[in-house]
Q: 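Just dropping this structure here.
Here is the naming used below: chain letters follow the sequence lines, and residue numbers restart at 1 for every chain.
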Amino acid sequence: MEKLVLIDGHSILNRAFYGVPGLTNSEGLHTNAVYGFLNILFKLLEEEKPGYLAVAFDLKAPTFRHTMYDAYKGTRKPMPEELHEQVPLMKEVLTAMGIPIFTREGYEADDILGTVAKKAQAAGMEVTVVSGDRDLLQLSDVHIKISIPKTSRGTTEVHTYYPEDVKREYQVTPEQFIDVKALMGDTSDNIPGVPSIGEKTATNLILQFGSVNGVYEHLSEVKPPRAKKSLEEHRDLAELSYKLAKICIDAPVEFSPEDARIGDLYTKEAYEYMSRLEFKSLLARFGDHVKKEAAATLDFHAVTDLAVAEALFQKAMGSERTGAVLLAEGPEISGAALCLDGQNAYLIQKEGFLTGEYLAGKMTELYRTGHVWTLGLKSQLPFLDLGYGDTVYDAAVAAYLLNPLKDTYDYDDLARDHLGLTAPSRADLLKKLTYAEAMDQEPEAFLSFAGFLGHCAYQSGGILMEKLEAEGMKDLYLEIELPLIYALYHMEEEGIAVKREELSAYGEKLKQQITVLEQEIWDMTGSQFNINSPKQLGEVLFEKMGLKGGKKTKTGYSTAADVLEKLAPDYPVVQKILDYRTYAKLNSTYAEGLGNFIGPDGRIHSRFNQTITATGRISSTEPNLQNIPIRMELGRAIRKVFVPRDGFIFLDADYSQIELRVLAHMSGDSRLIEAYRSAQDIHAITASQVFHIPLDQVTPLKRRNAKAVNFGIVYGISAFGLSEDLSISRKEALEYINQYFETYPGVKTFLDGLVADAREKGFVSTMFGRRRPVPELGSANFMQRSFGERVAMNSPIQGTAADIIKIAMIRVDRRLREEGLESRLILQVHDELLVETAVREKAQVERILSEEMSRAAALKVPLEIDMHDGKNWFEAK
DNA sequence: GCGCTCACG
DNA sequence: ACGTACGTGAGCGCG
């Protein structure tokens with residue numbers, strides 16, 4: 001049967017607007033509603049696979065309902081400006097995709113949908129009507145399905161209703177849905193109901209008498225008396241409401257299916273729109289036939305001849321700017337991409353005399369000129385001979401600074417976001433082939449890939465530095481982020497030694513415990529189930545055993561630790577489950593997980609990523625060495641397997657309360673500055689000052705509370721968060737916060753200023769000029785907006801701390817090398833540096849760490865360091 | 001591929 | 001009323 005999908009345009013756009021986080025493109029256009037709409041649309045197309053599609057919109061003009069009922073005017077809540085401006089945008093995108101838009105003066109979208117749906121059904125079509133508005137349920141019919149997408153927590157669930165579903169949920173038929181609404185009214189549509197009749201009474205009356213008319217025919221039988229009286233008095237109102245609530249199914253709308261037949265949605269025009277709106281995930285849906293066009297104007301050349309390559313390198317060395325990328329994966333070089341002008345790009349293939357060593361040597365020479373723009377320098381460094389003295393511009397890192405909220409900074413991202421160019425992605429061109437495979441099997445595609453890569457690197461050089469300078473981030477880029485690439489590369493290369501046998505022995509011990517606990521839990525619950533499955537665990541605990549827990553997640557019961565901890569005192573099995581979780585986590589993630597990463601050199605070489613976090617921190621992957629257990633004894637013991645090589649020890653230095661010190665500095669609050677200048681124990685002095693007690697009389701509880709408030713301040717304070725953390729009432733939490741702000745008024749002014757500033761400018765900045773955009777502040781969604789406020793308060797603090805330790809890392813790493821030491825920086829954990837230190841260099845390294853970390857930034861409070869040494873990471877903390 | 005849970009700062 | 005502390009990454013279960 002022919003399938004038709006009809007969409008309630010305003011309603012879905014509205015849903016998307018409130019459900020999707022605030023988004024703006026580089027032009028500052030709000031795009032979240034359009035984005036959400038399109039996601040719902042594509043999901044529908046995939047699931048329903050319709051042959052026909054149309055979207056209905058309301059018009060501004062008054063409708064027949066206004067004529068009927070004066071108060072209907074102006075009933076709609078005014079649309080927020082951020083949403084309003086997206087309506088024309090949405091229509092243009094739909095038009096670009098060739099999707100018909102239905103409107104009719106004097107009628108609402110509902111009426112058009114109703115009329116078209118019924119006509120299409122009569123013509124033998126299978127119809128789906130999509131809306132966020134439950135009023136549409138009255139249209140549900142044998143061949144008309146009402147589909148209501150519900151966006152919560154970022155994902156979209158769709159509820160669908162045929163007449164039997166309406167009945168199941170509301171007891172009444174789709175037609176009677178109108179009758180119920182007529183009686184109860186609807187405040188959001190400003191449809192007046194009969195006074196003192198609510199949903200319950202209305203439903204009961206309609207179930208009993210069939211319709212509004214039926215109710216009035218049997219008015220004498222109506223109970224309770226109050227309802228009867230009200231119905232008597234307001235008959236005109238009930239009848240009017242019925243007319244207002246009833247969707248018109250014979251509006252003057254012509255519908256012939258051909259108007260709505262789905263053609264090629266993936267048009268060039270639509271693609272351009274998605275590009276402009278920066279909907280990357282949607283762009284991926286478009287076939288590559290659209291993207292090939294960009295290539296038409298560029299000339300890509302494959303170079304396989306030594307003399308030609310020589311000449312090209314020669315020319316590159318002398319040119320003003322070169323785009324260059326060494327194409328290397330794993331241990332293998334496949335070639336080099338070069339670009340010296342905006343027209344031509346070259347792939348120098350590894351072939352014949354053009355060996356890997358040759359290319360690496362030439363590229364080193366080229367990079368040393370200091371005019372090279374590349375992409376992803378860190379991954380090329382294993383093949384190049386470069387160091388702190390060499391400035392190589394990495395366009396990906398520049399693009400990260402310009403917008404740290406993106407997931408990727410590949411050449412196609414740069415092309416779209418900065419170069420006004422549409423380039424096919426690596427996945428488009430090479431599918432899942434490696435470089436070596438692609439060069440062999442798909443030489444054309446590989447040439448194209450290398451061409452775009454080189455071209456984008458070159459073109460980035462023409463624009464990104466200006467952008468960085470315009471945004472005040474040139475120094476940050478040149479002095480911190482670029483040198484940092486070397487520090488990170490050095491840490492990755494160096495790795496950290498791990499005692500394989502001790503790690504697996506630790507794992508064996510855990511596994512024994514896991515087996516014992518598993519059996520005990522099975523015995524105590526009376527069922528053999530997978531304890532690792534939150535679903536099964538929830539069912540066993542909360543259904544089979546009847547523990548009181550209540551639903552918390554959208555998929556079922558929450559079995560998170562904080563929920564289980566509340567139950568543990570009363571149910572011994574719950575404590576066993578918590579223990580099981582601890583052992584299972586330590587075993588799978590750490591004992592076994594880390595074991596898989598020990599290389600042939602007996603060391604783990606984690607990757608340190610520079611372009612991931614929104615705040616400027618680095619991240620660590622494969623494996624993550626920034627979350628090795630420390631808070632609990634059992635987990636902390638893992639650190640004993642991380643060891644220095646023979647003749648070396650570990651020196652571990654961490655900043656003491658760096659974020660709070662940054663807060664003191666940035667806020668300029670004189671009392672806080674004075675407090676941190678003098679105090680050893682920051683949380684204790686906070687307690688002393690906030691709660692007005694002498695420092696030596698601060699109890700552990702008071703200190704704990706003050707510490708929680710300090711954390712809260714750094715996270716972007718909220719009474720809710722603090723109350724959860726301390727298990728106190730919101731009111732008490734608010735009192736703590738107010739007391740804190742009374743004590744340190746400068747902090748309050750500072751944080752308020754950050755939010756106001758972010759609202760005005762759209763971003764916040766660190767001391768060193770690093771920016772974080774805060775688009776959520778423009779959201780109409782309360783939750784999103786509140787999140788934006790917390791982000792505005794937290795990011796400058798967390799980000800400044802990140803800037804500071806980056807500076808320290810660079811200087812420590814540089815000095816260790818330049819002073820000819822054998823000691824090496826091997827890890828960074830946000831406020832901590834770990835140096836594998838030659839025993840005889842210990843004093844010198846201590847001095848370097850202490851000096852470079854303390855003076856990385858000149859704050860109004862001292863930057864204090866705690867330092868320890870040890871024969872393993874456990875001892876050195 | 002996503003949700004849940006949990007490890008870290 | 002809304003439903004939350006900020007920033008990450010990994011393993012597991014499940015559809």
Q: Do the non-hydrogen side-chain atoms of A:Ile826 and A:Met491 ever get within less than 4.5 Å of each other?
A: no
Q: Are any of A:Asn794's side-chain N or O atoms less than 4.0 Å away from OP1 or OP2 of C:dG7?
A: no
Q: How is A:Gln536 classified with respect to the nucleic acid when contacts are heavy atoms under 4.0 Å: base, sugar-phosphate, or nothing?
A: sugar-phosphate
Q: Using a cut-off of less than 4.0 Å, is there contact between a side-chain N or O of A:Ser620 and OP1 or OP2 of C:dG9?
A: no
Q: Considering just the side-chain nitrogens and oxygens of A:Arg790, establish if one lies under 4.0 Å of OP1 or OP2 belonging to C:dC6.
A: yes
Q: Of the options C:dG13, C:dA5, C:dC2, whose atoms approach the side-chain atoms of A:Ile717 most closely?
A: C:dA5
Q: Pick base, sugar-phosphate or nothing for A:Gly712, based on heavy-atom distances below 4.0 Å to the nucleic acid.
A: base
Q: Kindly point out which of C:dC6, C:dA5, C:dA10 is positioned nearest to the side chain of A:Val791?
A: C:dC6
Q: What is the pairing partner of C:dC6, taking Watson-Crick or G-U wobble pairs with both distances under 3.5 Å in any strand?
A: B:dG9
Q: Check the distance between B:dA7's P and A:Lys585's NZ and give it to me in whole angstrom.
A: 6 Å
Q: Base, sugar-phosphate, or nothing for A:Leu586, non-hydrogen atoms under 4.0 angstrom?
A: nothing
Q: Measuring from the side chain of A:Glu622 (C-beta onward, heavy atoms only), which nucleotide among B:dC8, C:dA10, C:dG9 has the closest atom?
A: C:dA10
Q: Give the nucleotide from the list C:dT8, C:dA5, B:dC8 with an atom nearest to the side chain of A:Ser718.
A: C:dA5
Q: Does B:dC6 have OP1 or OP2 under 4.0 Å away from a side-chain N or O of A:Arg581?
A: yes
Q: Below 6.0 angstrom between ring centroids: does that apply to A:Tyr736 and A:Tyr740?
A: no
Q: To the nearest 0.5 angstrom, please state how far the CD atom of A:Glu481 sits from the CE atom of A:Met473.
A: 10.0 Å
Q: For a quick check of understanding: with a heavy-atom distance under 4.0 Å over all strands, which category does A:Asp654 fall into, base, sugar-phosphate or nothing?
A: nothing
Q: Nearest of C:dG13, C:dT8, B:dC8 to any side-chain atom of A:Ala614?
A: C:dT8
Q: Say whether A:Thr686 and A:Asn710, considering side chains only, have a donor N or O and an acceptor N or O under 3.5 Å apart.
A: yes
Q: Under a 3.5 Å limit for both distances, which nucleotide forms a Watson-Crick or G-U wobble pair with C:dG13, could you say?
A: B:dC2
Q: Base, sugar-phosphate, or nothing for A:Asn624, non-hydrogen atoms under 4.0 angstrom?
A: sugar-phosphate
Q: So, does A:Thr615 get its side chain near the phosphate of C:dG7, meaning an N or O under 4.0 Å from OP1 or OP2?
A: no
Q: Does C:dC6 have OP1 or OP2 under 4.0 Å away from a side-chain N or O of A:Ser795?
A: no
Q: Check whether any side-chain nitrogen or oxygen of A:Gln798 sits under 4.0 Å from OP1 or OP2 of C:dT8, and answer yes or no.
A: no
Q: Within the structure shown, what part of the strands sits under 4.0 Å from A:Val829 by heavy-atom distance: base, sugar-phosphate, or nothing?
A: sugar-phosphate
Q: Taking only side-chain N and O atoms of A:Arg607, does any of them lie within less than 4.0 angstrom of OP1 or OP2 on C:dG9?
A: no
Q: Without swapping roles, check the side chain of A:Gln739 against the backbone of A:Val690 for a donor-acceptor pair under 3.5 Å.
A: yes
Q: In terms of ring plane angle, is the pair A:His683 and A:Phe711 parallel, tilted or perpendicular, where the classes change at 30° and 60°?
A: parallel
Q: Report yes if a side-chain nitrogen or oxygen of A:Arg772 is closer than 4.0 Å to either non-bridging phosphate oxygen (OP1 or OP2) of C:dG7; otherwise report no.
A: yes
Q: Which nucleotide, C:dG9, C:dT4, B:dG9, lies nearest any side-chain atom of A:Tyr715?
A: B:dG9
